[in-house]
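Okay, so here's the structure we're looking at.
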Amino acid sequence: MADLEKFRAETRAWLEENCPPDMRKPMRGEEDICWGGKRWKFQSEAQKIWLERMAARGWTVPTWPKEYGGGGLSKEEAKILKEEMRRIKARSPLESFGIWMLGPALLEYGAHEQKAHFLPPIARGEIRWCQGYSEPNAGSDLASLQCRCEDRGDHWLVNGQKIWTSYADESDWIFVLVRTDREAPKHLGISFILIDMESPGVTTRPIRLISGKSPFCETFFDDVKVPKEHAPGVSAVVGELNRGWDVAKYLLTHEREMIGAGGSGAIGGAASPGEVAARLVGVDETGRLADPILRGRIAEAEIDGWAFLLTMERLKDEAKAGKGMGAKSSMLKYYGTEFNKRRYELMMDAAGSDGLEWEGERSEDGKLARSWLRTKANSIEGGTSEVQLNIIAKRILELPDA
Amino acid sequence: MADLEKFRAETRAWLEENCPPDMRKPMRGEEDICWGGKRWKFQSEAQKIWLERMAARGWTVPTWPKEYGGGGLSKEEAKILKEEMRRIKARSPLESFGIWMLGPALLEYGAHEQKAHFLPPIARGEIRWCQGYSEPNAGSDLASLQCRCEDRGDHWLVNGQKIWTSYADESDWIFVLVRTDREAPKHLGISFILIDMESPGVTTRPIRLISGKSPFCETFFDDVKVPKEHAPGVSAVVGELNRGWDVAKYLLTHEREMIGAGGSGAIGGAASPGEVAARLVGVDETGRLADPILRGRIAEAEIDGWAFLLTMERLKDEAKAGKGMGAKSSMLKYYGTEFNKRRYELMMDAAGSDGLEWEGERSEDGKLARSWLRTKANSIEGGTSEVQLNIIAKRILELPDA
Amino acid sequence: MPLVLTEEQEMLRDAARGFLEAKAPVSALRKLRDARDEVGFSRDLWKEMAEMGWAGVLVEEAFGGSDFGFAGAGVLAEEMGRTLTASPFLSTSILAATALKKYACEAHRQEYLPKIAAGDLVMALAVDEKNKHAPAKTALRAEKSGNAFRLSGEKTFVADGHVADKLIVAARTAGAPGEEAGITLFLVDAQAKGVARERTIMVDSRNAARVRFDGVEATGDDVVGEIDGGWRALEGVLNAGRAGLAAEMSGSAQRAFEMTVGYLKERTQFGRPIGAFQALQHRAAHLYCELELARSAALKALQVLDESFEAAGAFCSLAKAKAGAVARLASQEAIQMHGGIGMTDEHDIGLYMKRIRVAQEMFGDPAFHADRIARLRGY
Amino acid sequence: MPLVLTEEQEMLRDAARGFLEAKAPVSALRKLRDARDEVGFSRDLWKEMAEMGWAGVLVEEAFGGSDFGFAGAGVLAEEMGRTLTASPFLSTSILAATALKKYACEAHRQEYLPKIAAGDLVMALAVDEKNKHAPAKTALRAEKSGNAFRLSGEKTFVADGHVADKLIVAARTAGAPGEEAGITLFLVDAQAKGVARERTIMVDSRNAARVRFDGVEATGDDVVGEIDGGWRALEGVLNAGRAGLAAEMSGSAQRAFEMTVGYLKERTQFGRPIGAFQALQHRAAHLYCELELARSAALKALQVLDESFEAAGAFCSLAKAKAGAVARLASQEAIQMHGGIGMTDEHDIGLYMKRIRVAQEMFGDPAFHADRIARLRGY
């Protein structure tokens, strides 16, 4: 404990000294995130310095091993770092799919050479990664993916299409699920491969959503040659050939927990539908929301939202007490995303015609309407609600297969 | 048209003259229904006279052919009779499963001898019938029924158990679905057979429901011998041997339309949840129900109930315009019964602790609570809600089989 | 009156469907949107519709209308809902035509109804002032000065308000906001001095405007209905609009559902069409029932408007509430069942969700009308 | 404090479950019901529970209690909910013990708490007067006359009221019904002159009573908490009761769900277990999530009662609302998924529906608590 307190004191001092004042201002939105990568244009000198200083200590990825560019911190230390950063409202120095997804996958499934080659540039924000999982005809049935990867001796030849490749148009590399054995049963025969986006034959096209512009892209692979080794001893394939499904599943579970938690993260925030509605709709002479039926629906939703937050807290506490979360992450994903959709429906109800504006300053270019529409994807991306319910039915309730 | 007006005038005169005053009083409840049968004890001389007079004209079953004890009326005439009876608030002279179910089945599938033998005693209220369809292990999957019926030359030998045989303990005869061919695919090999309840080996036991006493029984067949012919030329089997499923399906559709309409019939009645709630919960100073959240839920339910009533009206009008109702009867059954459950939940909410009393005068022996509990069966009996949704999905939406 | 379409109405429906699918499919709305069209609908198309009698659907034949009645107007609204057709049908042919036909003086009727029927006049109803529909809370002042009135205040969510030639404005000539008494409807020229209009680009790419009135002059001749007693006319006009929107939403929801059921049959996952999954089947079957209910409620409201206009209030609230709630559910299920593809702007289904959201909000959302029904039923 | 059971609480739960399954399974309730037992619970069993420390779960060890706190009481309530065990646990060990422990004078505490812990004293809270819970509307008058009060009025839905030795009565000493101020809690002997009790047989076969007070005499010594300022104590006691009922309902719902999932695996229709049908799977999976939420809410409320009793109001409303709504859903789904057999009195599942209905209504149904939460949150 004394060690941890010492660590806290040192961390606090270091942060105080090294975190530029501009990096202590709250982010205004997604545009203030530092994503890194070859083509990254720093928003400010402060953003650049902050990244460099944090990366130098390995604190962009505090729990990764030091040899791979991480901070080598224990869970407890990482928690202290987070707390201390929050204390001074320090922004995150770097976010990326490399940190969230590829890193964990490599740490779990990668060979030492792969980790040594790929992880440090992620930690330093030099290489920006995106992911290539979904395909137009795969969707929830991800294992039916068709993107072909053929063995051509010294290289792999990749042909096919990926969809929902977030930020593919701004990324340097992509990790892709490809079919390397077309004869095998569908969950087998899939591999997890790393591809340089600058390879000839890779093209990408942004997808416009019903909510407007989005980070999502379609990415096409047209006779793309991928070297078997990106550097001596650094295989392009992560994990065993044809066993990429294991890696994918690992990351999907990871992602589900993130989305489940994230999708509901805002629930506890300041913008409760009740408060929003009281402001937008007004209250009557008894102090109750002027729209009594909306009021009832909001109160019922707040009860569910609150109980859901407590359930997240409980599961976290249970996990600390050594009980794994397992398939319960599907519950968080399912309930959290469905709740978030409901929350935005209520906010739209409260906002009325003001909330329907799509352009212009008054509505901040339709901020609420666009957010509302965007939530509709919550229960689709990262495993649909239907898939989560299937998982709960099968794995938790152990109901029989159809 | 002139004929119909003449018929109306004559009918009105006849009813005026022949309907005893006591039979023009509203029924207090199920206990005032005249069911007939060998063991029937008339409640009053008036009930007896009314039945006799109506039966003599065939007006207990106005549209059945005269040769089988019916009134031989056209649809239009039957409608006029109904209207004129309603005008003077005349009670129904006779109700029975013979009228509702066996009669229509015999008229559609029976031989002349069967009709001549069985229908007139039904029309006169001399023989009371009950139905034997369900079995404990069949349920929604009625075609999987197991009650065995073996050919023993001059008689059938029946062994097995039926459940939900309403009023079996007070009935004289039972129409039963039995398995006559155990090798055939399950929908085939079923026959529709008529059995005298006094046959040795038939026993019956009332079922208590969660709502209390009920007309339902379990009926057991233990080596019951059923003559091949109940009288010369009068086969015990209705329709073709092993094709009883057709008869059963015909009656199930018939029943579904009745339940769909009946389960929702009360919606339009005086006791709207809103009015009930206003009486039980009270209103606040603005005249709104004192419980604002209950009020909202009730208003939303009333909207659905009202729209449902209009849909029944529309389907009826469409049917008149020559468009068959077809599988839409499943919609009425599904929505009507689910709505009725919801309606009683709201009435229980409005009644609060008063509605939870189970005995005693104040609550009329728990009338509301028992009705509430009884509604829970609405979406189970006569084809569960799940079965209705399957039917809509398959037959109306033409969605593929699993 | 049987709760079914008459033969004449069925013919109208078939003709309308054919015309709209050919001339005004969803892609037409998309084009208007992407071109950032300033009008927001095609004036040529509207002229064609007028020639078919649609613009004057409520207008007497003597004034050049087709006089199909509210039920006929509902048929057209439902069909336009199916194709998300942008036109001033609601604002002009339902709202304004109802106001003029039912409440205006003969001079106004003679002047404007023929122009409406001919497709030469676009009118708009300016009632809402805040984010939620609350007509009794009308606060825009019409101050009497001599023989004239001066209108000052703001209106919002005025459908077609940015291109309308004339505005029907709910103003307060007496009483206080919240009171039904003291409201007067004025017919105001959109070009009149003191009128400032701002087009608001809405989520559904259709038209609406915010309109500022800055001492706009009007006289007693410009009044529709009674001075201080405009509430009855306002309610009547709004009821017609609500029933029309219910029919429109019923059409949009129906079409979104058809697209969804089609997708369920065609999209394969885990080796079979997703429509073979029972959980989706049950949700689709439930939604089917709800859509049938919405359709019944809308048709009934329109029929009652034709038969006993003054008694239609509760029926119009029923229709607006039910159709709004069902259309919302239909659009939500449509997106979810379409999965990722439904989230893309490229796919039409999202446009249905957007239009339904706006139609659901306009002239009272389901909560507003549920509350109104509860009040009408005395609880 | 982590939102999980402590090791001690887990041991308590395991012990309770073993004991209740052996000594007080659902069949025990059924027997009491069918025998029309006049007490409505087994006094012997209650004595045994007392010996295990359950009756005195909230009572300090000095008074012979086990002092497990509210979280411990919740563990027991949840387990009794699983087996539908009839006992005066709620009325005496939660409600009365809370009232005495938190608000009574030392003399009362010393007199009654040991007896409660020993299982020798049954007490009941008399608060509701009409069909819906509304404690602020307390109208039963306690007229001051000299040094004494005379209580006149009626109470209903008094759990265990017909067998209680002592009643805690909410009475109005000042103000008007609807006001929180002016309420006083009195400790009244059930045998006192002027007290008339009528047992009401409820749908769940548990105990309740209507109690008439006809000039019943009480003195200042009989007051629990403050004269005219009893609202705070009443709220505190009710909050404890609400959290206890939430835990109980969570247990009942959980058990009904287990029975249902078991049935889904075992019952065959159309050639497969009905639990293989995806529509039922999704409904079961959704219900599973809801049950988890209810459990979290109940546990949190109990923990907050232990940690900062006065701040527990909103949490107790949350728990009561959520557990009530979820338990209702669970009982509805249980019956529907059991099909016909679930409708028979012979099957236990109906008893769960009945008990849940009563527990859901007691001390405020979900609508009451949703309204309360909305008020607490200022909208």
*asked:* Main chain of B:A350, side chain of D:N131: is a donor-acceptor contact present, judged purely on distance under 3.5 Å?
replied: yes
*Check whether D:L280 gets within reach of chain B through its side chain, its backbone, both or neither, counting any heavy atom under 4.5 Å.*
side chain
*Could you tell me which portion of B:L209 (side chain, backbone, both or neither) has an atom closer than 4.5 angstrom to a non-hydrogen atom of chain D?*
both
*asked:* With a 4.5 angstrom heavy-atom cut-off, is it the side chain or the backbone of B:R370 that approaches chain D, or both, or neither?
replied: neither
*What do you reckon, is CD of D:E179 surrounded by more than 12 foreign heavy atoms closer than 6.0 Å?*
yes
_For B:S134, which atoms come within 4.5 Å of any heavy atom of chain D: side chain, backbone, both, or neither?_
neither
*Examine whether an atom of D:A370 lies under 4.5 Å from a heavy atom of chain B, and if so say whether it belongs to the side chain, the backbone or both; otherwise answer neither.*
both
_Largest heavy-atom contact set with chain D, pairs under 4.5 Å, which of B:L280, B:I207, B:V281, B:T384_ = B:L280
*Can you list the steps and then say if D:Q360 with B:D349 is a side-chain contact (heavy atoms from CB on, under 4.5 Å)?*
CA-CA 10 Å; D:Q360 171 203 309; B:D349 286 340; 3.7 Å; yes
_Could you walk me through whether B:R362 and D:E198 satisfy the side-chain contact (heavy atoms from CB on, under 4.5 Å) test, starting with their C-alpha distance in whole Å, then the side-chain angles of each, then the deciding distance to 0.1 Å, before giving a yes or no?_
CA-CA 12 Å; B:R362 192 172 35 233; D:E198 173 202 0; 3.1 Å; yes
*Could you look at B:L373 and say if it's the side chain, the backbone, both or neither that has a heavy atom under 4.5 Å from chain D?*
both
*Do you know the tightest heavy-atom contact between D:F270 and B:S140?*
CZ-O, 3.5 Å
*Of D:R210, D:K130, D:K132, which meets salt bridge (Lys or Arg N to Asp or Glu O under 4.0 Å) against B:D354?*
D:R210
*What residue in D:H347, D:E361, D:M362 has the most heavy-atom pairs under 4.5 Å with chain B?*
D:E361
*Which bit of B:N390 comes within less than 4.5 Å of chain D, counting heavy atoms only: side chain, backbone, both or neither?*
neither
*Mind running side-chain contact (heavy atoms from CB on, under 4.5 Å) on B:E359 and D:M202 for me, showing each step along the way?*
CA-CA 7 Å; B:E359 293 186 7; D:M202 306 297 268; over 6 Å; no
*Is a side-chain N or O of B:K341 found less than 3.5 angstrom from the main chain of D:Q332, in a donor-acceptor match?*
no
*First locate atom OG1 of D:T200, then atom CG of B:L356, and finally report the distance between them rounded to the nearest 0.5 Å.*
9.5 Å
*asked:* Nearest 0.5 angstrom please: B:R374 CZ to D:M343 CE, how far?
replied: 5.5 Å
*CH2 of B:W358 to CZ of D:R33: how many Å apart, nearest 0.5 Å?*
8.5 Å
*May I ask you to say whether B:E386 pairs ionically with D:R283, meaning some side-chain N is under 4.0 Å from a carboxylate O?*
yes
*Within 45° of the axis and under 6.0 Å from the centre of the six-membered ring of B:W372, does NZ or CZ of D:R357 qualify?*
yes
*Which distance, rounded to the nearest 0.5 Å, do you find between the CZ of B:R295 and the CG of D:D371?*
12.5 Å
*Output yes when a side-chain donor or acceptor of D:Q336 lies under 3.5 Å from a complementary backbone atom of B:S379, and no otherwise.*
yes
*Is there side-chain contact between D:R267 and B:N137, with heavy atoms separated by less than 4.5 Å?*
yes
*Indicate yes or no for a side-chain donor-acceptor contact from B:D141 to the backbone of D:Q269 under 3.5 Å, with no hydrogens or angles considered.*
no
*Evaluation steps, side-chain contact (heavy atoms from CB on, under 4.5 Å), between D:I335 and B:I210*: CA-CA 10 Å; D:I335 296 277; B:I210 57 174; 4.1 Å; yes
*So which of D:G350, D:P366, D:G339 has the biggest tally of heavy-atom pairs under 4.5 Å with chain B?*
D:G339
*With a 4.5 angstrom heavy-atom cut-off, could you sort out which part of D:I341 is near chain B: side chain, backbone, both or neither?*
backbone
*In terms of heavy-atom pairs under 4.5 Å, which option from B:I293, B:L294, B:L389 contacts chain D the most?*
B:I293
*Can you say whether B:A377 sits under 4.5 Å from chain D via the side chain, the backbone, both, or neither, judging by heavy atoms?*
both
